[in-house]
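Below you'll find the structure, written out as structure tokens, and then a few comments.
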Amino acid sequence: MSLMVWDNTLALGVQTMDGEHKELLALMNKIHDGFLAGAVVNDTVARLGAACARHFADEEAFMQSIAYPELNVHKLLHRQLLEKYAHHAGAIKAGGGKANEAFFSFLKLWLVSHIKGIDAKYAAHSRGAAR
Ligand code: FEO
């Protein structure tokens, strides 16, 4: 069972970033599938962490390319998310590689609130800049 299913409310209209968000969601669902199957998920958790770091770097480069004025605040939020992610990943590793509900709550909150509330702002700026 998927943790979350992609729908258009998550779409920013910035094709590259939407594609990367979908990849992150697919990895989240892979970890969730492993969790439900009772599997050790350390490797997939590490893959998702690396994918998040790459996505944030790509997104920050995109925001820079459109002269997004809130780039620095957004960057700070990314750093904080990576720190929280590392904390959860460490706890999972220490727990024998089993994911937990706190981790999935964090992922869902990130996906929904960060994409819809924070990423959506640069997408709006991008649309305005393109006019
Ligand atoms: Fe798509 Fe700001 O992360």
Side-chain angles (χ1 to χ4, degrees):
M1 188 180 77
S2 293
L3 178 66
M4 280 191 71
V5 176
W6 179 270
D7 67 46
N8 282 337
T9 68
L10 291 167
L12 299 176
V14 179
Q15 199 173 357
T16 314
M17 296 304 125
D18 284 339
E20 291 187 5
H21 287 153
K22 284 178 186 173
E23 287 172 20
L24 298 181
L25 184 60
L27 280 169
M28 289 179 192
N29 284 328
K30 190 174 169 70
I31 296 169
H32 193 247
D33 287 345
F35 166 71
L36 293 178
V40 170
V41 293
N42 281 330
D43 286 354
T44 325
V45 169
R47 275 179 63 197
L48 177 56
C52 284
R54 278 196 306 275
H55 165 62
F56 292 162
D58 288 348
E59 196 171 77
E60 287 163 15
F62 174 75
M63 288 188 279
Q64 190 144 25
S65 77
I66 59 168
Y68 180 56
E70 292 180 49
L71 171 61
N72 285 338
V73 175
H74 201 132
K75 273 182 161 177
L76 179 64
L77 293 171
H78 284 168
R79 299 291 85 77
Q80 289 172 344
L81 280 167
L82 288 177
E83 283 170 16
K84 284 183 191 163
Y85 191 90
H87 174 79
H88 281 285
I92 290 168
K93 205 166 188 174
K98 304 290 184 184
N100 53 62
E101 290 295 347
F103 178 62
F104 294 119
S105 296
F106 161 70
L107 290 180
K108 282 172 86 167
L109 185 69
W110 172 69
L111 197 78
V112 174
S113 69
H114 187 86
I115 294 177
K116 289 186 181 179
I118 307 297
D119 288 353
K121 290 184 184 176
Y122 76 69
H125 178 82
S126 168
R127 285 192 292 276
R131 276 188 203 122

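Counting starts at 1 for both ligands and their atoms, following the listed order. Remember, it's a predicted structure, so these values are computed and weren't measured experimentally. Atom set for the values below is all heavy atoms of this structure, side chains included, hydrogens, waters and symmetry mates excluded. Residue numbers start at 1 and run along the sequence shown.
Here the angle at atom 1 (Fe) of ligand 1 defined by NE2 in H55 and OE2 in E59 stands at 80°, rounded to 10 degrees. Geometry about atom 2 (Fe) of ligand 1 gives an angle of 160° between NE2 of H78 and OD1 of D119, rounded in steps of 10 degrees.
Below 30°, between 30° and 60°, or above 60°: for Y68 and H74 the angle between ring planes is above 60°, a perpendicular geometry. Ring orientation note: the planes of W110 and H21 are nearly perpendicular, at an angle over 60° on the 30°/60° scale.
Between E59 and R54, none of the side-chain N atoms (NZ, or NE/NH1/NH2) sits under 4.0 Å from a carboxylate O, so this pair counts as no salt bridge.
Atom CG of N29 and atom CG of L24 lie 11.0 Å apart (nearest 0.5 Å).
Atom NE2 is the N/O/S atom of H74 found closest to atom 2 (Fe) of ligand 1.
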